[in-house]
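Since the structure is predicted, the reported quantities are computational estimates derived from the model, not experimental observations. Below, chains carry the letters A, B, ... as their sequence lines are ordered, and counting in each starts from 1.
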Amino acid sequence: MAKNKKLVESITSRDEDFAQWYTDVVVKAELIDYSSVRGCMVLRPAGYAIWERIQKVLDGMFKKTGHVNVAMPMFIPESLLQKEKDHVEGFAPEVAWVTHGGDEELTERLCVRPTSETLFCEHYAKIIHSYRDLPKLYNQWCSVVRWEKSTRPFLRTMEFYWQEGHTAHENAEEAMEETLRMLDIYTEFCEDYLAIPVIRGEKTPKEKFAGAERTFTIEAQMHDGKALQSATSHYFGDGFAKAFDIQYSDRDNQLQYVHQTSWGMSTRIIGALIMVHSDDSGLVLPPKIAPTQIALIPIASHKEGVLEAAEALKDKLEDRFTLILDDSDKSPGWKFSEYEMKGIPLRLELGPRDIKSGSCVAVRRDTGEKISLPLEGIEKAVAELLEDIQNNLYRQAKELRDARIYDAEDYESFKKLIAEKPGFVRAMWCGDEACEEKIKEDTTATSRCIPFAAEGHEATGDRCVCCGKKADKLVIWGKAY
RNA sequence: CGGGGUGUGGCUCAGGUGGUAGAGCGCCUGGUUCGGGACCAGGAGGUCGCAAGUUCAAGUCUUGUCACUCCGACCA
């Protein structure tokens, strides 16, 4: 028993060493393995299954709002990448280049896409001619490569999976509407499915996407109080359209430039999922995103009738829930720990005692609570339990986050809060990039976003927390991943 | 890119001053078990990250290099 305990405790305590805890969970839950390529991870079945769930739900939301999927090439000729000045400047330092095909040196080197704006723009220039061709609402699921200096599983890898939506519209209003519509979809997805509360807002000019006119973001707070940018939605105006010559004839036969957007969410969100909900026993997954919702564990399965009863229960539940029945000869205790480590939201135990009493034991992953459920009408009880787990995870995360958003009026208290209190600080900002720089230098905190005033974030004063000059922007500040 | 740490069976690690490679867990076979990581017996499995060098002899010493990890800088 004592030595077995050691196995259970092989996850580093979250409060003791958050970074090590994170790595332990990711590896022990078998989400990823390290590969022989620096900064690139193997997404193992348990990890990829989460991504597949994310894809399925998000893709459904995209389709419902009229988007269609395409696949763009993974290579971008250097000359194409160069077309939009801010864009290339932003990404050039971190692109991977292909210089040879077989033994022959290429006349023009190809970059491995770090993002696909240029490819979409090139294509749009060819296929958009009339206002009747608009809007174009394209999305693609793919992986991209950025030559990162330091990497961590999910949070920052050299190759990562994501979706990138790229749309073209007749005018600024429509493009802006689309930008915010996608921010809404990401918000809904994070809060309703991942049970991660987010703060919505706009990035400051310093933090916005290379080539964008405006960048909107949803920011989540991790269990250690640090921020993680969970998705972004960019409004491009007609900047890319002018660089790539994407024009159409409008209703009055006048040539117009399109207005564009792009938006993305990546496998990084899985890092958020882990850092928001998981605990010292391993991964915790919200039922609505968990690839497997229930682990059904027969107790004393060699005894007469146990396996049969477990099979019958499985048949009863598997149409409505994703479930695995583990009838392997591992000990029950081993299985309990294993499925806790893997984050399965609900465990059902079925043994001789339960069969005799016509019930089974349910154990919640979020609270550890054990509940006896009558087998009669168990579908409904399980559905309610899963819903309650989903809601509880969201509530817990939101309560913790809300308790860790502080307001600062002056620079001294601002610095003190950032240094001493994990979490976010709300403070006024004058709009000067120099103040952002100074704050970053003094505290390592960055501006996460300018939250929407209509969503409960009204100005807390009229002076910049850094320089004291007149300020009309409330900014959420925090240390970020 | 700077600073710290670590590379030895699948995993976690032990191997003072150089001298034929070890443990626990896991894995395989058989048996007994089964309500919080079970037990017994037998068995398989390692060019010690990689490359040079010193030496009669290198897991151990020297140099280089690669990877992982943590903390910064940079970026998502």
Would you mind writing out the side-chain donor-acceptor pairs for residues 43-58 of chain A within the sub-3.5 Å range, not counting sequence neighbours?
unit_1 : atom_1 : unit_2 : atom_2 : d
A:R53  : NH2    : A:K288 : O      : 2.5

Length of the line joining [X]:[atom1] and [N]:[atom2], which is rounded to integer Å:
X      : N     : atom1 : atom2 : answer
A:W334 : B:G37 : CH2   : C1'   : 8 Å
A:K342 : B:G37 : NZ    : P     : 18 Å
A:K208 : B:A76 : NZ    : C1'   : 17 Å
A:K203 : B:A76 : NZ    : P     : 9 Å
A:M275 : B:A76 : CE    : C1'   : 13 Å
A:E219 : B:A76 : CD    : P     : 12 Å
A:M158 : B:A76 : CE    : P     : 17 Å
A:K28  : B:U12 : NZ    : P     : 8 Å

So which nucleotide from [options] ends up closest to the side chain of [X]?
X      : options             : result
A:K330 : B:G26, B:G35, B:G36 : B:G26
A:S331 : B:G35, B:G37, B:A76 : B:G37
A:F160 : B:G36, B:A76, B:G35 : B:A76

N-O pairing of A:K206 and A:E433 below 4.0 Å: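 No salt bridge links A:K206 with A:E433.
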Which part of the nucleic acid does A:L155 contact within heavy-atom distance under 4.0 Å: base, sugar-phosphate only, or nothing?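 Base contact.
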Have a look at A:P298 and say if it touches a base, only the backbone sugar-phosphate, or nothing, with a 4.0 Å heavy-atom cut-off.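 Since no nucleic acid heavy atom lies under 4.0 Å of A:P298, the category is nothing.
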B:C48: pairing nucleotide in any strand, Watson-Crick or G-U under 3.5 angstrom: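 Per the H-bond distance test, none.
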Heavy-atom contacts, protein to nucleotides 66-75 of chain B, under 4.0 Å, summarised as B (base), S (sugar-phosphate only) or - (none) per nt, yield -SSSSS-BSB
